[in-house]
Amino acid sequence: MSERYNIKETEKKWRDIWAERKSFEVTEDTSKPKSYVLAMLPYPSGRIHVGHVRNYTLSDVVARYKKAKGFNVLNPMGWDALGLPAENAAMERGTHPKDWTYENIAQMKAQLLSMGLAIDWSREVATCDPDYYKHEQKMFLDFYKKGLAYRKESVVNWDPIDNTVLANEQVVDGKGWRTGAPVERRKMSQWFFKITKYADELLQGIETLDRWPDKVRTMQHNWIGKSQGMNASFPINGTDEKLDIYTTRPDTFYGASFFAMAADHPLAKKLAGDKEGFDAFIQECQSVGTSEEAIEKADKLGFDTGYTVTNPFTGEELPLFVANFILMDYGTGAIFGCPAHDNRDHEFAKKYGLKIVQVVESPEGTPDVQDEPYIGPGKIINSEDFNGMEVDEAKAAVITALEEKDMGEGATVYRLRDWGVSRQRYWGCPVPVVYRESDGACIPVPDDQLPVELPYDINYDEPGNPLDRHPTWKYTTCPETGEPAIRETDTCDTFFESSWYFLRYLDPKNEERGFSDEKSGYWMPVDQYIGGVEHAVLHLLYSRFFTRALKDCGYEVPDEPFAGLFTQGMVTHATFEDADGNWCFPAEVEQRDGNWVKISDGAPVKQGAITKMSKSKKNVVDPEDILDAYGADAARLFILSDSPPERDLEWTEGGIEGAWRFVNKLHRSLTDILGNLPDKDTTQPSKFSENAKKLRSQTHQAIAGVADDIEAFHMNKAVARIRELSNALSGFKAKDEADYWAQREGYEALICLINPVMPHLAEELWEQMGHDTILAETQWPKHDEALLANDTVTIGVQVNGKVRATITMDSDASKDDYEKVALEQDGVQKALEGKSVKKMIVVPGRIVNVVAG
RNA sequence: GCGGCUGUGGCGGAAUGGUAGACGCUGCGGACUUAAAAUCCGUUGUCCUUAGGACGUGGGGGUUCAAGUCCCCCCAGCCGCACCA
C-alpha cells in the first residue's frame, strides 16, 4: 500500500522550490521566441473569488504550456488599486483608503500564491503606488501637449450617491453602474481624452484582431458606430437662423414631411421659448427618464415651433418641430423626417397627422407605407431627376446636388464620444495641472515635480471630494511665474491605470519612464490576454486608444496592445432558499435522502435557479476554503474540466470532489507500480507486444492531442484526454520488460501533460520517477509521428446509411479488402436480403456504406 | 426593435460531412469490510419480451451514398445595444 498523498505539504513544498529557484522570473532573451501571457489585473477587494480562480487558472495553463514549448514566457500580476470601494470602505469603517488597499493586497496575494501560479512576482505593481501613477501623470501631460487631453464645460452624468461624475459607459439604464441610483445631469468643467480622433483607426484595427472573439469585435464595432451621411443647412423661414441637420438618408428628401430638433437644441428655446406650452413640453421630455422601459414605451412627442423650413428639392414649406426622440449629442441634433422610410418618423407622422410619401420602391412589390415604413433597398420614385436610381446611387447624387448649391456636404458621424476622465474623488490619480489664480491659466506640472502625490491626511467628515476641502494640499504656486495657484482637485477615471499597466509590467522598476522602448519592443504585443467579457468595450477600447495615443507621443508601442484575447464565462452556482425566503450559503446546506436541508437544524431548503455567483444570493463558495480542503491542483482541475472555458461553469460540490479523487488516484496508481518500472534512462527495447504498441500509440496521441487542445483553449478536452491516458495506464497489465518500459514512457508523458493543469502533483510525481530536474523548467515531450497511427482501425459498415456492423481492418488495407470484409458481415448480409448492391462507398479508415435497393 | 450566441442522455459536455453520446458527474449491481467510509470491478440514451430490432442531436423541409455538422423556414433560451436620424 502506498502512502496517502499529502496535498497540503506537497503543494507548499513545490511552491517554495519554484520561488527559491525563481522559476518564473524572466528577462528579455532574444534566443527564444517570446510569449506575453496576461490575465486582467484584479481589483484588491480583499478576497479572491471563484471568477479570479478561473481566470488565473486559464492564464496559468497557457503560461506553463508555452514555457514548456520553449517560449520565453512573461506572466505578470498586479493590482488595480485605485477606485471607489476603498473610499466607500473608508467612509463606512473609518479606515484609510491606502491602508485598506494595501491590507487587501497582502491578503489576496497570499491567496493567489496558494494557487501555485507561474507568475513573475518580481514585476508586481500596484496602481495606487506614486511610482506607478507618476508615469501616468507624465502620459497625461504628453497627451495634453498633443491636444489629446483637453478641458471643456459639459453636461455630465452625476451619481448622487457616490458624489461623482460617471462616464457614459458607466451609466446603465439611466442608473449609476455601481450604486444603481438614477443619474442626474449637471454641467461642469471636465477633462477629456480625445479618443474620437482615433475612431476610424480603432474601427479599422478591429479587422486585424483575428484572435479576438467575434462577439467582442462586434461589440466594439457597434460601440464606435460609424455612420455615413451628410450635413445640410437650410434657412428657417422668417428668421435669420439656419437649421443644421444630419441624415444618412439624403435619398429620401422628396419624402420629407417635417423637420425636428432636440429639446436641448439651442435654437429650440430661442425660437419657441416664449410659446405657450413650451416649458411644459420640455419638462415632459426630461421627466420621461432614461430607463430602458421608459424609452421603450415613450411616445414620440413633438412641439410645433410654428416656423417652417423649405424642402430644397420640392420647394415645400415643412413644419419645424422640437421632438423628444432627437438626441442633441448625435450628429447635429436636428433632422428632417421621412415617415415612409423610417420607423420613428413614421410613428411621429401618424401621431401628428403628417403626410407619408413613398420615395423608395421595394423590389418585392410595393408595401403600403401608410401602415408601415419601408426601410430596405430599392428604386427611387416620386423624386423627379432621381427616379429610377438605386438607394445608394441616389444618396450620392443628392449629396452632390446639395454640395453644388452650397447647402451641405457628405459627413461621417460616430457614436463614440470622447472619454471623460474627471472624477471628483480622492482615491485616484491626481490630474497634474495647476490653475494660476491671477488669470486662471491651466499650467502643467513640470516633469521634475511629478508625481503630484495624494495627501495622506484626509477625512470623510463631509460629502464631496476630500482633496477639494483639504486645508493645504491644493494651494501651491505656478511653476512658471511663482504666483499663487490652485491644484486641479479632480482625479482620473481608474480605467486610466488599466489602460497601460501591461506596459508597466515590462519595466516595473524604471524610474525615468513608464517603460523603455527596448522592453516594449521585445515583449509587446500581449500574445494572449484573458479576462471577463464585461470588459469587452470599455477597458479594451481604452487600451487600444492608449497605445495609439502613446505612439503619437513618441513611445514605442504597437497599435494593437492585445494580439490574442480570450473571454471566459461566468461561474454559476445553485441558489438555496429556506422556508422563510432567506438565501443560504452552499456551505450551510446538505442533501439528506435526496432533499436539501440546513446542516444546523435540518430545516428544509429549496434549491433555486443556477445563477452567477453573487453575494446577495449567497450562492458563493470561498476559494480559500476550496484551496484549503482540496488543494490547488484539484481546484484547478475542476475549473478546467467539463465546461468549455468560454461558457458558464457551474460550480458543484460533486465536481470538486471528483477532481480531488482524480488527483489522489493518479498519485496512488503511479506510486503502486513505481517499483516495477525500469529506471529512468533505460534504453528502449527493440520489440513491443501488441498491447504495448497500443499503449504507446495512446501515449503519443495524447501528447499531440493535449497540445492541440490547449492551443485551441479546449481545456475541457485536454482534461478528458489526460483522463483517457490515465485510464489506459492504470488498466495496463504489463507482462514483460518492454511492457514496463512502455508503461513508464506513458506515465512520464502523462506527468508532463498534467503539469500545466496540476503543477504540484506533476512535480511530485516527476521527482518520484527519479528525475532531479524541475518540471517547471522541462520541455514538453515530443510525440513520435509514426506512433500516432494505430496498426488497425475499427470502422462502421452501413447499409443505406444505417450501421449494420463494425469491422476492424489493418490500417493499410486496400479498398477491395474493405469491400470484401464488409460484405461478409452477418449484419450486412441480413440487411441486404432481397436487395442488390448498387454501389459501394469505401473511405478507408472512415466508413463503408453499401448502397442497395 | 436591431445584432450576436446557444440548443445533443438524469446532468456538464465530446464528435476534420463518415460507428452519435468520448471524458466526467449521478444512479444501479457487485467485491472488500463486523459495519461504514475510502477504494476496486461491472453497468447506465429511449422504447420493444429476448436473440435482435426500432427510434434518437429544439421543430419542419432540403442537399448528399452518408447530416448533430451544410442550406432554407420556424421555435425556445441567453448575451449585447437601445429613439444614433
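Reminder, nothing fancy here: chain letters follow the sequence lines and each chain counts from 1. All heavy atoms count here, side chains included; hydrogens, waters and symmetry mates do not.
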Give me syn or anti for B/rG9, where syn covers glycosidic angles within 90 degrees of 0.
syn

Expressed as a whole number of angstroms, how long is the span from [X]:[atom1] to [N]:[atom2]?
X        : N      : atom1 : atom2 : result
A/Lys226 : B/rG3  : NZ    : C1'   : 19 Å
A/Phe348 : B/rC83 : CZ    : P     : 17 Å
A/Trp651 : B/rC25 : CH2   : C1'   : 15 Å
A/His535 : B/rG80 : NE2   : P     : 14 Å
A/Lys351 : B/rC83 : NZ    : P     : 18 Å
A/Arg217 : B/rC81 : CZ    : C1'   : 19 Å
A/Met328 : B/rA85 : CE    : P     : 16 Å
A/Trp223 : B/rG4  : CH2   : C1'   : 17 Å

Results of side chain to side chain donor-acceptor pair (under 3.5 Å) for [X] - residues two or more places apart only:
X        : result
A/Asn727 : none
A/Glu409 : none
A/Arg217 : A/Asp214
A/Glu653 : A/His573

With the criterion being N/O to N/O and under 3.5 Å, what pairs connect the protein with nucleotides 38-45 of chain B, and how long is each?
{"residue": "B/rU39", "atom": "O3'", "partner": "A/Arg668", "partner atom": "NH1", "Å": "3.3"}

Contact class for A/Ile326 vs. all strands (heavy atom < 4.0 Å): base, sugar-phosphate, or nothing?
base

Check whether any side-chain N or O of A/Arg415 sits under 4.0 Å from OP1 or OP2 of B/rA85, and answer yes or no.
no

First encountered from the 5' end of RNA chain B, between A/Gly658 and A/Leu327:
A/Gly658

5'-most contact on RNA chain B (nearest-nucleotide basis), A/Gly655 vs A/Tyr414, goes to A/Gly655

Salt bridge (charged side-chain N to carboxylate O under 4.0 Å, His left out) partners for A/Lys612, two or more places apart:
none

Supply the atom-to-atom distance A/Leu761 CG to A/Ile754 CD1, rounded to the nearest 0.5 angstrom.
4.0 Å

Under the rule for ring pair (Phe, Tyr, Trp, His ring centres under 6.0 Å), what residues qualify as partners of A/Phe638, not counting sequence neighbours?
A/Trp651

Could you check whether any side-chain N or O of A/Thr252 sits under 3.5 Å from a backbone N or O of A/Gly255, counting only pairs where one atom can act as donor and the other as acceptor?
no

Base-pairing assignment for B/rU64 (Watson-Crick or G-U wobble, both under 3.5 Å)
none

Looking at B/rC40, which nucleotide sits across from it as a Watson-Crick or G-U wobble partner, both distances under 3.5 angstrom, or is there none?
B/rG30

Residue pairs, two or more places apart or on separate chains, that pass salt bridge (Lys or Arg N to Asp or Glu O under 4.0 Å) and touch residues 634-649 of chain A
A/Asp60-A/Arg636

Please list all pairs passing the salt bridge (Lys or Arg N to Asp or Glu O under 4.0 Å) test where one or both residues lie in residues 243-256 of chain A, with sequence neighbours left out.
A/Arg249-A/Asp251

Along nucleotides 11-23 of chain B, 5' to 3', which nucleotides get a B, which get an S, and which get a -, given that the test is a protein heavy-atom distance under 4.0 Å?
-BSSSB-BBS-BS

Residues in side-chain contact (heavy atoms from CB on, under 4.5 Å) contact with A/Ala263, at least two apart in sequence or another chain
A/Ile282, A/Cys285, A/Val322

So which protein nitrogen or oxygen atoms get under 3.5 Å of nucleotides 52-59 of chain B's nitrogens or oxygens?
{"residue": "B/rA54", "atom": "OP2", "partner": "A/Arg804", "partner atom": "NH1", "Å": "3.4"}
{"residue": "B/rC55", "atom": "OP2", "partner": "A/Lys802", "partner atom": "NZ", "Å": "3.2"}

Is a side-chain donor-acceptor pair under 3.5 Å present for A/Asn311 with A/Tyr254?
no

